[in-house]
Amino acid sequence: MEARSPASPASSSAASAPPPVSLPALRAEIDRIDEAMHRLLMERGEIIARLIEVKRTAETGSAFRPAREADMMRRLVERHHGILPLDTAESILRVIIATFTYVQAPYRVHADLSTGEAAMRDSARFHFGFTVPFEGHLGVAGVFRALDGAHGDLGLVPATSPSGGAWWAALEAPDAPKIIARLPFVERADHPAGLPVFAVARPHPDALVTEVRLYSVRVSGWSLKAAQAAGMLAEVVAVPDGAFDGAALLVSVPAGRTIEEVTAALIGAGASVRAQAMVGGHATRYTVSADGALVPTGH
Ligand SMILES: C=C(O[C@@H]1C=C(C(=O)O)C=C[C@H]1O)C(=O)O
């Protein structure tokens, strides 16, 4: 976020205009700004109408462009300052983006509620608003069934505490949906919708972001040593898989690293890699630090 003292003028035009002194004058300023914001949103809609033709969304089915969305959210956080809470600015832009994506090609959000309904519903509403239809499912299998029935829809699955076993194995087939984003886009300690969530969808072929690459990896000989070796290089979610120290892993490989480095580390720690498949990708994660700076998260 830009560092500015609270006394700084909001814009150069405000700085040159004489300060309004009366309550009616201040309310007139607010009405002018509200009307300008509404007109700008309607103008944004006209541009989206033209963009639909350029993207030919109707042909490809999915309008999501996760890389662009992550970039827009990072730029919002970087330029934000003043008394409006960042949470509010972030949720407004998210609802604008999600709703205009919906206007391009209608979709539903299917969320796995099995690790808690309130936090998941907050994440879905914060990131997708109330115009995009929301459907809760008790388990990730229900989410994936819904995505099979409606190829343009989007699923939300808790990113860190798998309640339904190694759900990511269902994303291994080439024509299966893939992880396309990790929410929230910009992390911080007190994020009001901070549940770590993976967004799952069938991406447009050139829309999958691969800054962070996600792999489903099956190993035998899984041990604390193997977990530590892989954990030095990548974020790993592990679920025991069968007898004899087997495990199903979801490995998030950050930019600058490769899955080969991770599997070499696993083998070096005594594990055997039985299978691996890419199951998605998302933008590099960023955290807002206490002084408002954006810091890459992870390894
Ligand atoms: C507008 C686009 O489509 C979607 C909607 C966006 C928006 O409203 O800003 C941004 C990214 C896409 O998910 C685009 O591809 O640029």
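One-based numbering, in listed order, for ligands and for the atoms of each.
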Just which atoms of ligand 1 are under 4.0 Å from any heavy atom in [X]?
X      : answer
Arg68  : 16 (O)
Phe100 : 8 (O)
Gln104 : 1 (C), 2 (C), 3 (O), 4 (C), 5 (C)
Glu69  : 11 (C), 12 (C), 13 (O)
Met72  : 9 (O)
Ile48  : 1 (C), 8 (O)
Phe64  : 13 (O)

Considering heavy atoms of the protein only, find what lies nearest to atom 8 (O) of ligand 1 and give residue, atom and distance to 0.1 Å.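 Nearest protein contact, heavy atoms only, for atom 8 (O) of ligand 1 is Arg44 NH1, 2.8 Å.
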Considering only the protein, which heavy-atom contact is closest to atom 14 (C) of ligand 1, and what is its distance?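 The protein heavy atom lying closest is Lys55 NZ, 3.5 Å.
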Verify, without hydrogens or angle tests, whether [X] (side chain) and [Y] (backbone) share a donor-acceptor contact under 3.5 angstrom.
X      : Y      : value
His191 : Glu187 : no
Lys178 : Ala176 : yes
Ser91  : Thr88  : yes

One residue to check: Ala63. Relative to ligand 1, which of side chain, backbone, both or neither has a non-hydrogen atom less than 4.0 Å away? backbone
Between Arg65 and ligand 1, find which residue part has any heavy-atom pair under 4.0 Å and reply side chain, backbone, both or neither.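 Contact part for Arg65 vs ligand 1: both backbone and side chain.
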Looking at side-chain heavy atoms only, is the closest gap between [X] and [Y] below 4.5 Å?
X      : Y      : value
Val262 : Tyr215 : no
Val200 : Leu171 : yes
Arg182 : Val212 : no

For Val209 and Ile180, run side chain to side chain contact (heavy atoms under 4.5 Å, CB included): C-alpha distance rounded to whole Å, both residues' side-chain angles, the deciding distance at 0.1 Å, then the answer. CA-CA 7 Å; Val209 201; Ile180 63 162; over 6 Å; no
Salt-bridge present (Glu35, Arg39; N to O < 4.0 Å):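 So Glu35 pairs with Arg39 through a salt bridge.
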